[in-house]
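Written out below as C-alpha cells is the structure these notes cover.
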Amino acid sequence: MSCCAPGAEMALDLGSAASVLPSSQEIRLASRSLGDDLRQTDLSVPMVHCAACIRTIETALAKLDNVEGARVNLSTKRVAVRWRGDKVPPFVASLGRLGYEAHLFAAEIDKNDKTLAELIRAVAVAGFAAGNIMLLSVSVWSGAEGATRDLFHWVSALIAIPALAFAGGIFFRSAWNALRHGRMNMDVPIAVGVSLAYAMSLYETINHGDHAYFDASVSLLFFLLIGRTLDHVMRERARTAVKGLSQLAARGAMVLRGDGARHYLPVGEIEPGMRLLIAAGERIPVDGKIIQGASDLDCSLASGESTPKNVAPGEVVQAGVLNLTGPLTIEAMAAVKDSFLAEMVRLMEAAEGGRAHYRRIADRVSALYAPMVHLTAFVTFLGWIVATGDWHRATTIAIAVLIITCPCALGLAVPIVQVVAARRLFENGIMVKDGSAMERLASVDIAVFDKTGTLTLGQPRLVNAGSIDPGMLAVAGGMAAHSRHPFSKAIAGFAIPGGQLKFDAVTEHPGFGIEATDAGSTWRLGRRGWAGWKTRTGGEGKHGYGGTVLTRNGMIAACFVFEDALRADARAAIDQLSDAGVPVEMLSGDTAAACAEVAKSLGVDDFVPCLLPSGKLERIETLAKVGHKVLMVGDGLNDTPALSAAHVSIAPATAADVGRNAADFVFLRESLLAVPLALDISRKAGNLIRQNIAIAIVYNAVAVPIAISGHVTPLIAAIAMSASSLLVIGNALRLEGFVRHTPAETVADDRHSNNGGWAQL
Amino acid sequence: MTTLAYLIPGTLLLGALGLSGFLWALKSGQYEDLDGAAERILLDHNDKPEG
C-alpha cells in the first residue's frame, strides 16, 4: 500500500482490526460453483484505489496455484477470484501480505441489479423514441402539412409503440399493483395520461387530424424514468457500500466430533450438544457453554458492556460475542434459530410495524392529486359536451387536460431532491437506505443514543500515559503489540516505532495477560492479581477497569488506567442536536457508573443504564406512544430491536450486521457530527420537496385553465412540461449550495489516519 | 416527399443502431466497473473485458 491516500474506508478498520482471516473452509462455503469444477469467490477489498492496486492484486492472485484468474472491480471495491480444485488457494492471506484487507462477500444474485439494468434499458429506449419523435414533431410544428404531416404522425406512432410497451411497462405495472390493492400512487395518473394521450393521437392520425401528442407521452416517460433511475442508482450505491463492510456474524464453525475429527459446518447445521472450537479473533456462532479454555470476550456489540469480560470453563456465552485472546471449546446449547442473534432478529421484526405506517410525501400528495386530476378532466369533458355537444372536441380537450396535468414535475419533485440530498450525505460518508428515511428524519423531535460503540468507540483509551515512566511505557507497548486484547491495543499505541525492544519469548495467557522474558527478568502485563504476584495489593484494584499493571519479576512497575474513548465530536454533535430542537437521551446496557461518567462529560441529562434489549425497545415504544418521533442511534446487536422500532435510525459503520441492516442511515466516518449533519440535510431536503410540490401545483393552477378552455396544442404541452421539470430540477440543485462547509470533515480525517495507524499494529 | 421516404428510415436505422450498441454494451458488462475502466488504461496487457 504505497499509492493510496486513506479514504473513508479507513474508519472500518475500527471494526475489522480484531477479526482473523476467514478459514479456507469458510471461503469454500461462501464460494459459488460456476460448473465444471470451477468456483468463484467474491472478496470485498475496501483498500483498492488505483491502477497500481489493480495490477498488484490481479497478478499476485493469478500466480497462485489453481487460480484461473482474478478480476478487480474498482467501483464496488471487490475482487472476483475464479479457482478450481479441492484445496482453496490462499488468496486472502496473499492479499493480506500485499497490505490489502479482504473480507468474504456473499455473492448473491440480487434482484436489485436486475431492476437497475431494466431501468437503464428503459431510459435508453425512451430516450431514443423521445428524440426521434420530437424531431418529427418539430417539423409538424414548423408547418408540415397534409400527407407529410400524416406520414410524420404515423412514423411517430410506430416509434412510440415499443417505447410505451417497454419503458412504460414499469409505470403500468406499478399503477396496476396500486389499483389492485385499492391504493393510489403517482403512477396511476401517469399510466392513464400516457395511454389516453397515445390512444387519442392514434385516432387523430387515422382521421388526418392535426394535433398528435406522441411526443408528449413519450418524453413524459423519458423524464420520469431519468428521475427514477437516478433515485435507484443512489440507493444502490449506499446499499453496496453498506454491504461491503466486513461480515461480523460467523458463517460457520469448526465442529469437534466425538472421534476427534474436525469438520467445518455452516452455522445453520450446528445443533445443540455439538462441541465447537472457537479460535481467538472469531465470533461465537451460537449460544453455548465453555468447556475448555480461558479467554477474554468482547461483548460490546452484544450487550453494550464496554469492559472485556473474562471467561473460564463452565460459563455461558452468547452468540455474536467476539473471542479476543485464547482458543475456546464450547458446547452449543441452542441451534442458530434459538440463539441470541436470532432472538434479536425476531424482536426486530416484531418491532418493524411502527415504521410501516409511514406514508411517503409523494404518496400522500398523489392520493389527493390523482383523483382531483381525473375529476377535473371528467368535468371538463362533461362541460364541453353540454356547451357544444361535440363529442370529438370534448374528448380531445379532456385528454389535453390529462396530459397537461400529468405529474411530470410532481413525479420529479420528490426523487430529484432526495437524490441530490443523498449525494450530499454520501460525500460526507453517510449512506441512506431510501428516500422515506430522509423524510422521517426531518420530522424527529427526540434523539436516543446508545452508549457503547456509538457515543463512545467501545475501545478503551489509556488515560494516564503522561504519568507513566516512558521507559516502562515502551516496554509495555512492545509487549502489548503481541495481543489483540483491547487494553493491549490501547497500550500498543504508545510503543516506540522501530521497536528496539527484543524479548526472548512472549506468551499470552488468555484471561490474565502477557508474559515476556528478557535477559533474565520476567515482565508481565495484565491483571493486577496475576502480574504482580509478589505485591500484596489484594483484589483487582479500585479502578473501574480492573487495574492493569506492568510488573518486572513480580514487582509492579507501572499502573494503567483506561476509559472508554469518546467518539470524535460526540459533545459537539449532541450540542448541535439540542440547538436544532432535538433533545438527547442515552440508553445503555452498561453499568450506571459508566453511563453517568459518559453522560456527564457529554452534557446529557437523561440516561437509563443497565437496559436489556427489550428494555430499550420498551423505552422507544413509550416515547412513541406519547407522540414523539424518535431518532435512534445505536450500533450493537442489543440495539437492533430499538433501531427498527424507532421512527428513524442511524448506525455507525462499525455496527453489527443486523444493526446496519435495520438502520436507515449508516455513517462511515468516525465523527458523530454525521448525525446532526444528516438531520440538517434531511430538513433542508424536506423544505425543498415542499417548495417543489408547491411549484408543481402553481404550474397546474396556471396551465389547467388554459387546457380546460381548449387552447392547448401539442407544442404548448411540450413546452409547459419541460419548463416545469427544469424548474423543479433547478430548485433541487440548490441543496448542493446550502451546506458546503462542514468543519467536521477535516477533524474526522485526522482521526482516521490515527486510527489507521492503530489498527495496523 | 420521395427524399423523406429514404431519409426517415435511414435516420431511424442509424438511431436504432446506436441504441442497440448501447444495449449491447450494457449487457456485456461494460458499465459494471466505470472507475476500474478508467484506471485500467494505465495497465499493459489487460485490454480484454471478461464476461
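Since the structure is predicted, the reported quantities are computational estimates derived from the model, not experimental observations.
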Heavy-atom pair with the smallest gap, counting every atom of [X] and [Y]:
{"X": "B/Gly15", "Y": "A/Phe128", "answer": "C-CE1, 3.2 Å"}
{"X": "A/Leu151", "Y": "B/Ile8", "answer": "CD2-CD1, 4.3 Å"}
{"X": "A/His49", "Y": "B/Glu39", "answer": "O-OE2, 4.2 Å"}
{"X": "B/Leu23", "Y": "A/Ala124", "answer": "CD2-CB, 4.3 Å"}

Point to revise | Atom pair CG/SG of B/Asp35 and A/Cys50 - distance to nearest 0.5 Å | key: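 Separation between the atoms: 12.0 Å.
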Check your understanding: Are side-chain heavy atoms of B/Asp33 and A/Val72 found at a separation under 4.5 Å?
Key ->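 Sidechains of A/Val72 and B/Asp33: no contact.
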Review point. Would you call B/Leu12 and A/Leu158 a side-chain contact if the rule is heavy atoms closer than 4.5 Å?
Key: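 The answer is no; the side chains never approach within 4.5 Å.
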**Study point:** Residues, nucleotides or ligands: over 12 heavy atoms within 6.0 Å of B/Leu14 CG
**Key:**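 More than 12 within 6.0 Å, yes.
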Review point. Is it the side chain or the backbone of A/Asn73 that comes within 4.5 Å of chain B heavy atoms, both, or neither?
Key: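 Both backbone and side chain.
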Check your understanding: Relative to chain A, which segment of B/Ala16 carries a heavy atom at a distance below 4.5 Å: side chain, backbone, both, or neither?
Key ->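 Answer is both: backbone and side chain atoms of B/Ala16 are under 4.5 Å from chain A.
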Review point. Considering residues at least two apart in sequence or located in another chain, which fulfil the side-chain hydrogen bond (donor to acceptor under 3.5 Å, both in side chains) criterion with A/Arg149?
Key: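 With neighbours one apart ignored, the set is empty.
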